Amino acid sequence: MVAAVGACALLATACAWLHAGKPPAATRLAALGAARSVDVRPEPARHYAQRPVWQPCEDEPSYQCTTLAAPLDYAHPESGDITLAVTRLRSTGTASERIGSLLYNPGGPGDSAIDGLRGIAEDFSPAMRAAYDLVAVDPRGVGASTPLDCGSAAPAPATGSRPFAGGKPDFEALDEARAETADACLRHSGRLLPHVGTPDAARDLDLVRALVGDERLHYLGFSYGTYLGATYAELFPSRVGRMALDGGVDPTIDGYRRFLDPAHGYQVAWEAFAADCARRPGCPVGRSPAEAGRVLDALVARLDRSPRREGKDVAVTGADLLRIVLAALKRPAWDELRLALGEMVAPAGDTAALQRLSAAEEEAVADVGFTAVSCLSAALGPVFTPAQAEALLPAFRRASPQFGAYYSALLTTCAHWPVGPARPAQAFSAPPTSPILVVGTLRDPATPYAWSQALTRLFPSARLVTWDGDGHTAYLQPGSACVDAAVDRYLLSGRLPPAGTVCH
């Protein structure tokens, strides 16, 4: 992995910086942060004794909805409750066909599991629909569960409020915006902020597991959802049922690699797209990956100098184009991306394809849920000052000439967040569990394949299925019938595929 480029020297420097002092907001909640732990406490009897009342969902009557009370603080369950919103789609099978409930998490962090389930439910095979109730719980702080409230403060965009200057993010402007967001979230949700992390969300999964009547958790998690699933397996190893983790996150990485690795992953994805484009007539970015990189760099620079305007309401900057390219590589949407880049290369014309891609793009990094959950995890939330992030910019550019600068801007995401991780990422333990299935995509830009390999190695019972494909995650994606069959077989029978399985 190019993630190792300069890492040893840079990380040593970064660690020295990190010990220099805590940001002001972190000091205010230091006592709360110190009190948190991943140790499993006795189950709060009152909460585990609830009887869910399922009703047809108002907006989707084919689904059932309920709300559950969960402790704000599992270490002190008497200190108050939060609300968890839960949705399920009942099994279509007979009693003899039914296995139980399959809890689903789409990733993020900060994404609504309920919305995600409704978007994916029809893609499950008839056998899966017969075997499982499909269940989604919006994580605490997210969606219809007790939400984070940051007032009117908007999260800082990935690249700052002003264009890149010579290809460099405006680190100072980003820092100011993120400090304002952190202060607003502290004022409005200071009591909730320390309790929206992944261990708390994993305990919520166990509460839901118990209340739907399953002895073990059957679980399907994508992307960040693999980190959530792995955390559940760490906390409740004897309760792991059939657990499929697609697009693995390595829970032992630190915040530096959290963004350096995907920067390189997107570079690999871009070059794969560019090589495919070069084989097609009329490719708008040239005849080789090297030429495509130069074309994209020139487009970004030109748009930052003079944004492309379509009417009075549409202005496309270089940062906008980068975000859209990243989203298209993640899906992947190569045909649409070729059309959009053709529009931008042309001296005149509309931006219809670009706007279609933009409408489909979801920038999780600009969401307070993403920030709040990430900053509570040493594996997901780095704490770098603007000067530190700028010093690391050359390493990011080496890892990814096209996207390194963009990703370096994310290093300061948690610099002012009011509460930080309870333990270092490397402290993650992986006790023996029932067999776990991990799915990794060779050219996954967002959760690089090496992360799925590392996650598999952590658990003695885990096995990796590899998809020789592109885009983020594999199960239920177009063209991944081999992966679908392997995952379904495991979730339906508990049988893992042969070691070394590669799907093409």
Side-chain angles (χ1 to χ4, degrees), residues 36-52 54 66-88 99-109 113-114 117 132-143 145-146 192 194-222 224-245 249 251 373 376-377 422-423 428-436 459 461 491:
R36 290 177 295 112
S37 169
V38 296
D39 296 337
V40 178
R41 305 288 176 150
E43 295 170 356
R46 173 172 63 85
H47 298 86
Y48 274 72
Q50 295 175 83
R51 294 183 179 274
W54 296 96
T66 193
T67 56
L68 304 173
L72 170 70
D73 182 353
Y74 275 91
H76 304 283
E78 72 285 352
S79 63
D81 291 347
I82 62 164
T83 297
L84 298 178
V86 187
T87 289
R88 73 178 177 185
I99 294 171
S101 295
L102 182 69
L103 269 72
Y104 161 82
N105 185 276
I114 291 174
L117 177 61
Y132 286 105
D133 291 345
L134 302 179
V135 178
V137 52
D138 274 354
R140 51 178 59 210
V142 174
S145 293
T146 297
L192 180 60
H195 305 292
V196 296
T198 305
D200 288 303
R203 292 185 179 94
D204 292 339
L205 287 181
D206 193 64
L207 177 63
V208 175
R209 171 206 61 78
L211 296 183
V212 297
D214 285 353
E215 292 185 5
R216 291 176 177 244
L217 177 76
H218 304 307
Y219 178 79
L220 173 64
F222 294 89
Y224 164 76
T226 70
Y227 185 85
L228 177 59
T231 301
Y232 181 91
E234 182 188 29
L235 294 174
F236 305 101
S238 65
R239 298 177 185 172
V240 172
R242 298 171 190 176
M243 179 174 284
L245 307 176
V249 173
V373 177
L376 288 173
S377 168
R423 62 171 184 170
F428 189 91
S429 63
T433 66
S434 299
I436 294 172
F459 288 95
S461 65
L491 290 173

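Just so it is clear, the structure is predicted and the values come from calculations on it, not from any experiment.
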**OP:** Verify whether one side chain among Asp206 and Tyr232 offers a donor that lies under 3.5 Å from an acceptor in the other.
**Re:** yes
Original post:
Does Arg209 offer a backbone N or O that forms a donor-acceptor pair with the side chain of Asp214 under 3.5 Å?
Top reply: no
Subject >> Minimal non-hydrogen separation, Leu376 against Gly197, with atom names >> reply: CD1-N, 3.2 Å
Original post:
Of the non-hydrogen atoms in Pro237 and Pro432, which two are nearest, and what is the gap between them?
Top reply: CB-O, 3.5 Å
Original post:
Do the side chains of Val135 and Val86 get nearer than 4.5 Å, heavy atoms only?
Top reply: yes
**OP:** Provide the closest heavy-atom pair for Pro71 versus Pro44 in the form atom of the first, atom of the second, distance.
**Re:** CG-CG, 3.8 Å
Subject >> Side chain proximity check, Ile82 to Leu192, heavy atoms < 4.5 angstrom >> reply: yes
Subject >> Test item: Met243 and Phe459 side chains (from C-beta on) under 4.5 Å apart, heavy atoms >> reply: no
Subject >> Shortest non-hydrogen contact from Ala230 toward Phe428 >> reply: O-CZ, 3.5 Å
Original post:
Do you see a donor-acceptor pair shorter than 3.5 Å between the side chains of Ser434 and Arg216?
Top reply: yes
**OP:** Rounded to the nearest 0.5 Å, what's the gap from CG on Asp200 to CZ on Arg140? Could you check?
**Re:** 4.5 Å
Subject >> Stepwise side-chain contact (heavy atoms from CB on, under 4.5 Å) check, Arg46 with Asp81 >> reply: CA-CA 11 Å; Arg46 173 172 63 85; Asp81 291 347; 3.0 Å; yes
Original post:
Is the side chain of Thr87 donor-acceptor paired with the backbone N or O of Ala136 at a distance under 3.5 Å, no angle test?
Top reply: no
Original post:
Where is the tightest heavy-atom contact between Asp73 and Ser79, given as atom of each residue plus distance?
Top reply: CB-OG, 3.8 Å
**OP:** Measure from the side-chain N and O atoms of Thr198 to the backbone N and O of Leu228, and report whether any donor-acceptor pair falls under 3.5 Å.
**Re:** no
Subject >> Tyr132/Leu220 under side-chain contact (heavy atoms from CB on, under 4.5 Å): CA gap, chis, key distance, verdict >> reply: CA-CA 12 Å; Tyr132 286 105; Leu220 173 64; over 6 Å; no
**OP:** Output the distance between atom CG (Leu207) and atom CG (Leu68), rounded to the nearest 0.5 Å.
**Re:** 6.0 Å
Original post:
Considering only heavy atoms from C-beta outward, does the side chain of Leu217 approach that of Arg239 to under 4.5 Å?
Top reply: no
Original post:
If you round to the nearest 0.5 Å, how far is OH of Tyr219 from CG of Asn105?
Top reply: 4.0 Å
**OP:** Taking the side chain as every heavy atom from C-beta outward, state whether Pro109 and Tyr227 have any pair of such atoms under 4.5 Å apart.
**Re:** no
Subject >> Where Ala85 and Ser145 come nearest, the two heavy atoms and their spacing >> reply: N-OG, 2.9 Å
Subject >> Interatomic distance, Arg242 atom CZ to Ile436 atom CD1 [nearest 0.5 angstrom] >> reply: 14.0 Å
Original post:
Around Glu215, counting heavy atoms of other residues, nucleotides and ligands shown, do more than 12 lie under 6.0 Å from its CD?
Top reply: no
Original post:
Atom NE2 of His195 and atom CG of Asp204: how far apart are they, to the nearest 0.5 Å?
Top reply: 12.0 Å
**OP:** Given side-chain contact (heavy atoms from CB on, under 4.5 Å), test Val208 with Leu103 step by step and report yes or no.
**Re:** CA-CA 9 Å; Val208 175; Leu103 269 72; 3.9 Å; yes
**OP:** Output the distance between atom OG1 (Thr433) and atom CD (Glu234), rounded to the nearest 0.5 Å.
**Re:** 11.5 Å
Original post:
Quick one: does Gln50's side chain have a donor or acceptor within less than 3.5 Å of a partner on Ala69's backbone?
Top reply: yes
